[in-house]
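Both counts, for ligands and for their atoms, begin at 1 and track the order of listing.
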Amino acid sequence: MQTGGLLGSGRSADVFAIDDHWVLRRYRDGGDVTAEAAVMAYLEEHGYPVPRLRDPAGAGHSTAPRTDLVMQRLHGPSMLQALLQGMITAEDAGAGLADLLHHLHSVRAQISADPVNRILHLDLHPDNVMLTSGRPVVIDWRNTEEGPPGLDWGMSAMILAQVAVGNTALAALARAVLASLLTHLGPAITLGNTDSGCLAEAKKRRAADPSMNESETHLLDEAMKLILELTPARP
Ligand SMILES: Nc1ncnc2c1ncn2[C@@H]1O[C@H](COP(=O)(O)OP(=O)(O)O)[C@@H](O)[C@H]1O
Ligand SMILES: [Mg+2]
């Protein structure tokens with residue numbers, strides 16, 4: 001497919017402009033996008049803010065692995081860029097992420113019959129949210145699964161907390177976003193403790209993530225401690 005310039009490059013995918021309306025997202029390791037395309041199409045039908053797919057059903061891709069996803073081109077900064085440029089505050093970012101998580105988990109699961117299970121993103125952090133005309137849109141659905149909402153909250157919190165306890169220039173900002181996110185947890189979500197529950201599972205998954213380097217993995221215990229400290233006490 002003829003594409004224009006590279007628009008963005010994350011840990012696993014490259015995104016190329018096709019024209020002003022569409023982008024092509026391609027995994028560098030050739031992963032199959034069938035499952036995530038199905039989830040994105042389902043969420044769009046249910047009014048959740050995801051980029052629209054040009055070919056939701058994957059016509060013409062019935063047997064070969066589907067490695068490319070053509071989707072609506074979003075114009076605007078990521079939530080991370082907006083934070084760094086002072087366009088939004090850390091409180092806004094935390095509240096925005098919380099809204100996106102609550103909204104996602106209000107949608108009925110696509111496959112699971114267990115009422116506890118919902119569609120989870122499992123990588124919802126400020127660099128996977130794009131602010132398009134002020135409206136946040138969630139990208140990067142590679143890790144999506146169905147499961148308990150607390151696991152999604154646990155993953156978002158762990159991602160932010162790992163940055164917060166690290167020694168990069170983003171640490172203080174990540175801590176403030178995390179603190180704001182956790183104030184919006186709501187009574188229905190339980191994270192558990194260091195040994196069991198959704199946060200412990202999130203930590204396990206982060207530890208097993210092959211795209212993380214050793215210094216990032218190192219920070220997991222401290223990150224979990226910070227999350228438990230910042231989680232508002234329940235009455
Ligand atoms: N629909 C889109 N419109 C415009 N840019 C996009 C779109 N999707 C992704 N991008 C850009 O490409 C980058 C990488 O995409 P992403 O899906 O997050 O891949 P990765 O899994 O590699 O993080 C994003 O940070 C963003 O800059
Ligand atoms: Mg990404």
Side-chain angles (χ1 to χ4, degrees), residues 1-45 47-56 58 65-85 87-88 93 96-97 100-101 104 119-145 152 155-163 166 168 170 173-174 177-178 181 202 205-206 208-213 216:
M1 184 178 305
Q2 188 72 34
T3 57
L6 184 67
L7 266 187
S9 198
R11 286 197 186 209
S12 59
D14 295 320
V15 175
F16 302 91
I18 294 176
D19 58 28
D20 210 34
H21 304 286
W22 301 104
V23 297
L24 169 74
R25 180 172 191 270
R26 177 173 288 158
Y27 285 121
R28 285 188 293 278
D29 66 7
D32 190 284
V33 297
T34 310
E36 84 188 74
V39 170
M40 289 173 78
Y42 176 83
L43 286 171
E44 208 223 337
E45 270 170 38
Y48 192 76
V50 293
R52 188 158 39 87
L53 300 181
R54 186 157 77 178
D55 177 17
R66 190 179 175 195
T67 55
D68 293 355
L69 211 51
V70 176
M71 64 182 136
Q72 178 190 3
R73 180 170 179 179
L74 303 168
H75 296 272
S78 69
M79 184 186 267
L80 177 61
Q81 288 166 337
L83 262 168
L84 293 173
Q85 288 164 19
M87 295 159 68
I88 58 169
L97 290 175
L100 290 166
L101 285 167
L104 179 61
I119 293 171
L120 312 179
H121 183 282
L122 298 177
D123 197 21
L124 218 169
H125 58 72
D127 208 29
N128 279 336
V129 176
M130 291 188 68
L131 303 179
T132 308
S133 318
R135 171 181 177 257
V137 180
V138 182
I139 60 170
D140 202 352
W141 290 84
R142 175 170 219 178
N143 294 350
T144 183
E145 271 177 38
D152 227 357
M155 290 300 282
S156 291
M158 280 303 286
I159 293 165
L160 288 166
Q162 273 179 273
V163 181
T168 71
L170 290 175
L173 195 59
V177 176
L178 174 65
L181 175 76
R205 287 175 179 233
R206 292 291 290 165
D209 185 338
S211 72
M212 275 205 321
N213 62 43
E216 288 172 305

Measure the distance from atom 15 (O) of ligand 1 to every protein heavy atom, then report the residue, atom name and distance (to 0.1 Å) of the closest one. V15 CG2, 3.6 Å
Just heavy atoms, cut-off under 4.0 Å: does H75 contact ligand 1 by side chain, backbone, both, or neither? neither
Between R28 and D14, is there a salt bridge with N-O shorter than 4.0 Å? yes
Those atoms of ligand 1 less than 4.0 Å from some heavy atom in V23: 1 (N), 2 (C), 3 (N)
For H125, all residues meeting ring-ring contact (aromatic ring centres under 6.0 Å, His included), sequence neighbours excluded: none
Please report the interatomic distance CG(L83) to CG(L173), rounded to the nearest 0.5 Å. 5.0 Å
For N128, the ligand 1 atoms whose distance to one of its heavy atoms is below 4.0 Å: 18 (O)
Hey, is D32 close enough to R26 for a salt bridge, meaning N to O under 4.0 Å? no
Under 4.0 Å between heavy atoms, the region of D14 that gets near ligand 1 turns out to be neither
Closest to atom 1 (N) of ligand 1 by heavy-atom distance, out of R11, Q72, E36, is Q72
Is the shortest N/O to N/O distance between L7 and ligand 1 below 3.5 Å? no
If we set the cut-off at 4.0 Å for heavy atoms, which region of D140 has an atom near ligand 1: side chain, backbone, both, or neither? both
Taking the side chain as everything from C-beta on, heavy atoms only, tell me whether V138 gets closer than 4.5 Å to L124. yes
How close does the nearest protein non-hydrogen atom get to atom 14 (C) of ligand 1, and which residue and atom is it? G10 N, 3.7 Å
Report yes if some heavy atom in the side chain of L131 is under 4.5 Å from a heavy atom in the side chain of V129; otherwise report no. yes
From the candidates T132, D127, L74, the one that places a heavy atom nearest atom 3 (N) of ligand 1: L74
Determine whether a donor-acceptor pair (N or O, by modelled atom type, separation under 3.5 Å) exists between the side chain of N128 and the backbone of D123. yes
Any heavy atom of S78 sitting closer than 4.0 Å to ligand 1? no
Atom 27 (O) of ligand 1: the protein heavy-atom neighbour that sits closest, reported with distance to 0.1 Å: G8 CA, 4.1 Å
Say whether R73, considering both its backbone and side-chain N or O atoms, lies within less than 3.5 Å of an N or O atom on ligand 1. no
With a cut-off of 2.8 Å, does any N, O or S atom of D140 fall short of it relative to the Mg ion (ligand 2)? yes
Confirm or rule out an N/O/S atom of N128, from backbone or side chain, lying less than 2.8 Å from the Mg ion (ligand 2). yes
So the atoms of ligand 1 within less than 4.0 Å of a heavy atom of A13 turn out to be 19 (O), 20 (P), 22 (O)
I'd like to check which ligand 1 atoms, numbered from 1 as shown, lie under 4.0 Å from a non-hydrogen atom of R25. 16 (P), 17 (O), 19 (O), 20 (P), 21 (O)
Passing candidate, side-chain contact (heavy atoms from CB on, under 4.5 Å) with P51, options M40, R73, M130, R25: M40
Less than 3.5 Å between some nitrogen or oxygen of P51 and one of ligand 1, yes or no? no
I139 neighbourhood, listing ligand 1 atoms whose heavy-atom distance to it stays under 4.0 Å: 9 (C), 18 (O), 24 (C)
Salt-bridge present (R54, E44; N to O < 4.0 Å): no
Within the structure provided, determine whether S156 and L97 are in side-chain contact (heavy-atom separation under 4.5 Å). no
Between S133 (side chain only) and R135 (backbone N and O only), is there a donor and an acceptor less than 3.5 Å apart? no
Min side-chain heavy-atom separation R206-I159 under 4.5 Å: yes
